[in-house]
Amino acid sequence: MSLSVQEFRQQFSDKLMTTFGKKVEKATPFEAFQTVGLILRELLNRKWQDTKGTYRSNSQKQVYYFSMEFLLGRLMITNLLNSGLLETCKQGLEELGFNLEEVLGQEQDPGLGNGDLGRLAACFLDSLASLELPGHGCGIRYKYGLFQQKIVDGNQVELPDYWLKNEYVWETKRLDQTVEVHFGGEIETVEESGRLTFKHHHYEKVLAVPYDIPVSGYQNHTVNTLRLWSAESTTNDFHFYSIDRKDYYHYLDYKRSVEQISEFLYPDDSSYEGRLLRLKQQYFLVSAGLQCILREFKNSYPSVDLLPEKIAIQINDTHPSLVIPELMRLLLDQEQLSWEKAWELTTRTVAYTNHTTMSEALETWPVDMVKTLLPRIYMIIHEINERFCRHLWLAHPTLRDEIKHMAIISYGQIHMAHLAIVGSYSVNGVAKLHTDILKNSVMKPFYTVFPEKFNNKTNGITHRRWLLMANPPLASLITEAIGETWVREPKQLITLLKYAGDAAFQEKIAGVKQANKTALAKYIQERTGIRVDDRSIFDVHIKRLHGYKRQLLNVFHILHLYEMIRDNPNMDMVPRTFIFGAKAAPGYHFAKKVIKLITTTAAKIAADPIVREKIRVVFLENYNVSLAEQIIPATDVSEQISTASKEASGTGNMKFMLNGAITIGTLDGANVEIREMVGPDNIFTFGLTAEDVLAYQLSRMYRSRDVYNGDQRIRRVMDQLVNGSLSNDDVEFKDIYYTLLSNNDEYFVLKDFDSYVEAQDLLEQAYRQPTEWLKKSITNIAHSGKFSSDRTISEYASEIWDIHPVTISSTTQSR
Ligand code: 8GP
C-alpha cells in the first residue's frame, strides 16, 4: 500500500475537517492522533475485508486464542510500520507542523491486561498476522484496566485506569454480531422422544456485544481480528411504565449487575462477590466467543462433525477453561449430539496452555458458586468428572489412590486445571524447565494418564515491537551489518555473531546504547526530577511485583552496597543506577511493602552525598508496555532473579537480550534456554537450581535463620529494616523482616544472597572490560532470534493447531 506524503497531507486535512471541523493549524496533538488513526483504519478495513473473504472462501482451519488479557500496548506505531507508512506519516506530520513522537504519545495503553500472560497473547496475535496465519483473539473489553499506579510518600496508590475515556480509534462495535449469555436460573430436565433435554428457566439475560480490533501483519495483506466482548443490558423484558414502576427499579438493578461484568479487569476477588464476578466474566467470555464461532461455522459448513478439522481453540491458562463444558453444552443441547460425539469433538478442538505452577494461582471454584451461577454447566462438569474418575478407576488401577487428587471436583471445589487437562488434546508449558516440572511434579499423575497431550512451547516475543519499533537505531545498525532479512526471519540475527568481536561494530553498538541511556536519563529527570548518571551501569528490574520475582533480593544487594560504601567511601566501583518498575496487586500487602522499601532506599541514598555518587535507585511509577519500550533499549543489566522453579518462562528476559542487555539470573524459566543459546560466558547465573528448591521444599531442611546468623552482611542489611535506620517508624518493614525469618523465607532470598552478590561482582568486573562486555552484548542479540514469537507461533501452528499460512487475495483493490 503506498501513499505519497502529498496524499497523506491531503487526507489528513480532509479527515480533520470532516471529523473535528477544524483546520490543521487549530488541531491538538490528540486530534492529530485520532485523524491519523482514522486514515489508517480506512486502509486497514480494506485488507480486513479481504482477509475475512479469503478465510471464508478457502475453508482453511482457523485458531481462536481465548484469553482474559491482551496487553496490547499502543497500536498506532505497529499499524504504521506494518502498512509501510511510518516514514510518510512522519514527514507528512512534520510538514503540517506536528511531531510524530508527540502524536504517537497521545495513544493511551489499553487496559486490557496485567502481566506477562497478557503481553504474550499480544505478541502471539502480532506473529499470527505477520506469518499470514489465520488466528484471532477473543477477550473482554474492560472499561477500566488494572489500575494507574501513583507513588505517594513512597507508597503505591491505585487510581482507576479509565483507558476508554476517549474514543478508542481502533475498535468497531459490531452490534449485528451480538449474542446472549445466560446466568443463574434453574434447569428442568425433561424427556422428549427418548432423549433427555434440559430447559433453562428464570435466567438472567446478558447481551454480549463484540468490539473488533484489526490485527495487522508486518507488511503483508493479512488483518486478523481481536474480538472483545462488552456486557450490555436489554430493555426488552421490562415494562417501565407500569403504574408502580416496579420494573423500572428492577431494571436499574439488573443493568448495574450486567454492566459490571465487563467493567474492571480483575475485579477484587478477596470477597465472595468479587470472586463471583470474576467467574461471571470467565463464562461471559467463553459463552459469547463460542456461540459466535459456532454460528459462523454453521454458516460455512454442513455439519459440526468438522469442527476439529476447521477450528482450534487455545485457552490461555485456565481462566477460559469453561470453554470445555460450554462447548459440550452447545453440542449437546443445541446441536443435539450424543455425549460421546460431543466429547470427542470438544477434546479434539480445545488445547490448553499452563502459565504457572504456583499453587495459589491454580484456579478452583466452589461447587456451590458454579451450581448457582451456571446450573447447566455444573451438570456437565459433574458428568465429565464422573466419567473421568470412572476411567481412572478402571483403566489405571495403580492410580486409584491418586483419584482424589486428580478429580475435577473434590472437597467442594472445581479444579480448573484438571478440567482443562482432561478436556483438551494438548497441554503445554511455556519453557522447557516449566514443562518438565509440570510433567514430573505438579501434573505428574495426569502425565501418566495422558502422556501424548503434554508438550513444550517456549515463549517468545515479537522482535518487531521490541526491536524494530522500540529501538530503531539498533535495528538500523543491525540491518546495516547483515541486511534486512532478519526482520522477516529473526533467526538470521545469528549472522551478527561474526561481528561480536569487531571493534568498529562494537563501537557503534556502544554508541547506540549510550544514546538510549542518555534519552532514558532525560526521561527519568522529566518524570521524577531525579538526575541519574547516564555513564553508570543501568541495572533494570521491571515486572509485576511478587515475592517469587525477588525484587527484595535486588534491594538487599543495594542495601549491602550502601553499607560497603559507607564503610569505605573510596571503594572502587563502577557507578550504578538501579531502575525498578512494578505494580503490586492492591491486596498484596507484602508486595506493597517491598515497593515502599525500594522507594525508601532510593530516598535514603539520594540524601547521602557520599553514596549517591556511586549508586542511585529509581522507581518509575505506572509500569506498562509503553514504559517498557523506553527502558529496555537503554538497559545494560537485566535482572531475572526469580526463585528457581517459580517463573514459568518470563518474556522480559527475551526483550532485554534482544536489545543487548546482559542477564543476571537464576536457572529458572526461559533463562535456562537463554544460557543454552548464549553459553555460560554471556550470562551471569547464580543461586539454587529448580531441583534444589524442590528438594528443600520436600525435605523442609531450609532454615533461613541459620543463614541470617551465619552471614554478617545479611544481618547488617536485615537489621536496617527494623532498627530505625530506614524509617522512623520501626514497624514499617517488620513484616518483611518476619516473612524472612519467622516464616522461613519461602522464596529463598537469604539463601541466594551470597551467590547473587558474587554474580554481581563478576558482572561488574566484566563491565570494566568494554570489549568483552560488548562482545557479550552482541552475542546476546545474535542468539535472540530463537526467542521471537514467530518461532513460538510456528510451533503452535504446526504442532498443536495444524493451521497453515494463507495468502490474502485482494478483492477490494487498495491503493
Ligand atoms: C506468567 C508466568 O509467570 C511467566 O513466567 C510467563 O512468561 C507468562 O505467564 C507467559 O507465559 N503467568 C501468569 O501471568 C499467570 O499465571 N497469571 C495467572 C495467575 C493469573
Side-chain angles (χ1 to χ4, degrees), residues 65-71 112-125 127 139-140 146 265-269 275 278-279 281-282 285 314-321 352-365 416-417 420 427-435 437-438 442 456-462 466 542-551 582-588 591 625 628 638-657 663 665-674 690 747 787 789 792-793 795-796:
Y65 197 82
F66 276 62
S67 177
M68 291 288 278
E69 297 181 31
F70 287 91
L71 199 50
L112 297 172
N114 148 37
D116 231 10
L117 168 151
R119 183 53 230 168
L120 184 77
C123 284
F124 281 4
L125 291 183
S127 285
I140 295 183
L146 189 64
L265 168 72
Y266 287 142
D268 171 24
D269 59 5
R275 280 182 56 72
R278 181 139 168 85
L279 179 62
Q281 291 188 326
Q282 296 188 351
L285 161 68
Q314 189 70 35
I315 55 177
N316 199 20
D317 217 274
T318 54
H319 319 143
S321 50
Y352 157 55
T353 305
N354 172 283
H355 294 271
T356 182
T357 55
M358 305 277 291
S359 55
E360 68 267 28
L362 293 174
E363 279 189 309
T364 59
W365 293 108
M416 303 312 272
V427 177
N428 75 282
V430 290
K432 275 190 209 158
L433 175 68
H434 170 231
T435 303
I437 293 174
L438 291 179
V442 179
N456 178 56
K457 297 286 165 284
T458 298
N459 282 343
I461 53 161
T462 163
W466 294 105
I542 45 174
K543 47 185 78 240
R544 286 301 302 274
L545 214 142
H546 198 289
Y548 85 81
K549 295 184 188 276
R550 296 200 299 192
Q551 283 91 351
K583 286 183 179 174
Y588 190 179
V625 178
S638 152
E639 297 275 350
Q640 308 299 334
I641 60 176
S642 52
T643 312
S645 80
K646 302 292 179 198
E647 187 72 89
S649 160
T651 56
N653 42 8
M654 303 167 184
K655 294 166 197 163
F656 282 110
M657 82 181 283
T663 307
T666 44
L667 285 172
D668 198 16
N671 294 353
V672 176
E673 287 158 78
I674 292 179
Y747 297 117
F787 300 103
S789 46
T792 316
I793 279 298
E795 289 175 8
Y796 274 86

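Just so you know, ligand 1 is whichever comes first in the structure, and atom 1 is the first atom listed for that ligand.
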Ligand-protein N/O pairs under 3.5 Å (ligand 1):
{"unit_1": "ligand 1", "atom_1": "3 (O)", "unit_2": "Tyr548", "atom_2": "OH", "d": "3.2"}
{"unit_1": "ligand 1", "atom_1": "3 (O)", "unit_2": "Glu647", "atom_2": "OE2", "d": "3.0"}
{"unit_1": "ligand 1", "atom_1": "5 (O)", "unit_2": "Glu647", "atom_2": "OE2", "d": "2.6"}
{"unit_1": "ligand 1", "atom_1": "5 (O)", "unit_2": "Ala648", "atom_2": "N", "d": "3.3"}
{"unit_1": "ligand 1", "atom_1": "5 (O)", "unit_2": "Ser649", "atom_2": "N", "d": "3.0"}
{"unit_1": "ligand 1", "atom_1": "5 (O)", "unit_2": "Gly650", "atom_2": "N", "d": "3.0"}
{"unit_1": "ligand 1", "atom_1": "7 (O)", "unit_2": "Asp116", "atom_2": "OD2", "d": "2.7"}
{"unit_1": "ligand 1", "atom_1": "7 (O)", "unit_2": "Asn459", "atom_2": "ND2", "d": "3.3"}
{"unit_1": "ligand 1", "atom_1": "7 (O)", "unit_2": "Gly650", "atom_2": "N", "d": "2.8"}
{"unit_1": "ligand 1", "atom_1": "11 (O)", "unit_2": "His355", "atom_2": "ND1", "d": "2.6"}
{"unit_1": "ligand 1", "atom_1": "11 (O)", "unit_2": "Asn459", "atom_2": "ND2", "d": "2.8"}
{"unit_1": "ligand 1", "atom_1": "12 (N)", "unit_2": "His355", "atom_2": "O", "d": "3.2"}

As a quick check of understanding, evaluate side-chain contact (heavy atoms from CB on, under 4.5 Å) for Asn671 and Thr666, giving each step before the final call.
CA-CA 7 Å; Asn671 294 353; Thr666 44; 4.2 Å; yes
Kindly indicate whether the side chain of Glu647, heavy atoms from C-beta on, has any atom under 4.5 Å from the side chain of Asn653.
no
Is the closest side-chain heavy-atom distance between Arg278 and Met68 below 4.5 Å?
yes
Got a second to check how far [X]'s [atom1] is from [Y]'s [atom2], nearest 0.5 Å?
X	Y	atom1	atom2	result
His355	Asn459	NE2	CG	7.0 Å
Ile674	Met654	CD1	CE	6.0 Å
Gln282	Glu363	CD	CD	4.5 Å

